[in-house]
Amino acid sequence: MHNYFIAVLFIFSICSSKAQSLYVDPVKGNDQAKGTLAEPLASLDKAVNLAKDFAGNDNINIKLAPGLYLIRQSLKIESNSQAVSGKFTIEAMVMPDDVDWTPAKMPVIQVTTDSNRVGKLSHASIAFQAERNNVALKGLKFLGNPNPSSVYFYAIERRNSALKDLVISQCYFIGEKNSAPIQGGIFAQGEGIHIDHCIFYNCKNAVLSFINVKDFSITHSIIYGAYEAAIWLGYGPDADLPFTFRDNIVANCNYFWVGAKGIHKNYLFRNSVISGNANYLGINGDTIVHDQVNKPTEKNIDKSGKVVLREITAEGVPHDYLNLSGTSAGRQIDAGIFINKKAM
């Protein structure tokens, strides 16, 4: 009898662990399925809603097969249980550094909803709303929202400034201001915001973070063609906290950086190309004005190099599209969608 109970507990522990993972395939899946690798769900909506009921300390993983994921209402990443401490990750089944990765295997997130945000900026639409600690989004491609009823579209939002730990890694954010704009790729508050190896292409703004900004970093990323500003960071009592900005490419934007009013003693930009931008530093107000007071510390910053990206041609989609071309400034910097350059 004793061995029987041990066996039951062992099986239960395995099932509990497996229950923390869900697989989604928009082509082969079915929302009435179990959500396993063999029997995947069909929609992100279903997977995110099911994951809200997961409890315990195990990590929660939602794995996305290649395909197009249509989002018709904002997806809230949250938990119905207070007893949750593991990481909640939504990521591609095939990541850019995997040997069999191609651009066609990247899950594409397409939002078509009209305005769905409650409260301030109610005329905005959101793809993912992070409403719990310890969230990660990896290996996804976000397109702009073509719905004309959506005035602003933010791909990833975290409104609660008391939350901690948000990781965005190896993601594309591709906007088209005349047909499918992205107002902001990432609009997040709070501690522990870490962005790496992402590409923001023709977004109005790439990254916006204002309240309780602590332990913030953006590294190894490319921001190109931001037609308002590449990065907005901080106002209020947290505006002058240190942050990490290194190994990035920021080119052909309106403003490179917009900060709070006043002097920012801790501006430090390292090992990056910041060139071809109409303006360098700005101050956040009713309109952006030039920051003529702050003198940032710059270490190994290239302000004159020409940035050239690999783009789609008549021959097709390059494996490393929207990464730096072979003739671009900054090729020595490990910026772009691949963590391991050998994967290029």
Side-chain angles (χ1 to χ4, degrees), residues 144 154-155 171-178 181-187 195-210 213 216-235 239 243-264 266-311 321-325 327-337:
Y154 300 100
C171 291
Y172 280 101
F173 300 83
I174 302 175
E176 207 300 301
K177 63 183 178 181
N178 296 304
I182 294 178
Q183 174 74 13
I186 301 168
F187 185 22
I195 302 158
D196 74 274
H197 292 280
C198 289
I199 295 177
F200 302 84
Y201 182 78
N202 287 348
C203 301
K204 186 175 182 180
N205 305 281
V207 180
L208 307 99
S209 190
F210 298 105
V213 182
F216 173 94
S217 69
I218 177 167
T219 67
H220 304 96
S221 294
I222 298 172
I223 303 175
Y224 189 94
Y227 50 97
E228 186 166 40
I231 299 171
W232 299 65
L233 188 69
Y235 61 66
F243 57 86
T244 299
F245 179 94
R246 62 177 174 82
D247 302 303
N248 297 306
I249 310 293
V250 181
N252 289 20
C253 301
N254 181 26
Y255 272 89
F256 155 53
W257 195 281
V258 177
K261 295 179 181 179
I263 300 174
H264 296 258
N266 287 309
Y267 275 176
L268 170 59
F269 307 131
R270 291 186 291 159
N271 197 43
S272 298
V273 177
I274 307 171
S275 68
N277 305 295
N279 305 282
Y280 196 60
L281 298 183
I283 294 174
N284 180 14
D286 293 334
T287 59
I288 304 174
V289 297
H290 291 289
D291 184 348
Q292 299 178 345
V293 177
N294 179 56
K295 302 298 182 183
T297 300
E298 300 169 338
K299 297 183 178 180
N300 194 26
I301 299 297
D302 180 355
K303 292 185 178 179
S304 61
K306 184 177 181 180
V307 173
V308 182
L309 303 184
R310 289 267 286 163
E311 297 191 351
Y321 82 108
L322 297 186
N323 285 269
L324 299 179
S325 74
T327 61
S328 178
R331 284 287 293 178
Q332 77 283 2
I333 298 172
D334 292 332
I337 206 73

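We count residues from 1, following the sequence as given.
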Which atom pairs, one a donor and one an acceptor, fall under 3.5 Å between side chains of residues 224-234 and the rest of the protein, sequence neighbours left out?
from	atom 1	to	atom 2	distance (Å)
Tyr224	OH	Asn252	ND2	2.9
Glu228	OE1	Asn205	ND2	2.9
Trp232	NE1	Asn205	OD1	2.7

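Taking Asn277 as the reference, Val250, Cys253, Phe256, Ile274 meet the side chain to side chain contact (heavy atoms under 4.5 Å, CB included) condition, with sequence neighbours excluded. By the salt bridge (charged side-chain N to carboxylate O under 4.0 Å, His left out) test, Arg246 is found to be paired with no residue, residues two or more places apart in sequence or in another chain being considered. The side chain to side chain contact (heavy atoms under 4.5 Å, CB included) test applied to Ile283 returns Lys261, Val289, Asp291, not counting sequence neighbours.
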key: Worked verdict on Asn202 versus Ile174 for side chain to side chain contact (heavy atoms under 4.5 Å, CB included)   = CA-CA 6 Å; Asn202 287 348; Ile174 302 175; over 6 Å; no
ask   = Would Ile222 and Asn248 satisfy side chain to side chain contact (heavy atoms under 4.5 Å, CB included), going step by step from the backbone distance to the final call?
value = CA-CA 6 Å; Ile222 298 172; Asn248 297 306; over 6 Å; no
task = For Asp247 and Asp334, run side chain to side chain contact (heavy atoms under 4.5 Å, CB included): C-alpha distance rounded to whole Å, both residues' side-chain angles, the deciding distance at 0.1 Å, then the answer.
result = CA-CA 7 Å; Asp247 302 303; Asp334 292 332; over 6 Å; no
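Identified under the ring pair (Phe, Tyr, Trp, His ring centres under 6.0 Å) test for residues 282-302, with sequence neighbours left out: Tyr255-His290. Pairs of residues two or more places apart, or lying in two chains, that qualify as salt bridge (charged side-chain N to carboxylate O under 4.0 Å, His left out) and include a residue from residues 293-302 are Glu298-Lys303.
In terms of heavy-atom proximity, Ser275 sits nearest to Ser304 at CB-N, 3.9 Å. Scanning both residues, Ala155 and Gly185, for their nearest heavy atoms gives CB-O, 3.3 Å.
Under 3.5 Å, the side chains of Tyr201 and Glu176 contain no donor-acceptor pair of N or O atoms. Side-chain polar atoms of Thr219 and Ser217 form no donor-acceptor pair below 3.5 angstrom.
Aromatic rings of Phe269 and Tyr267 (six-membered ring for Trp) have centroids within the 6.0 Å cut-off, being under it.
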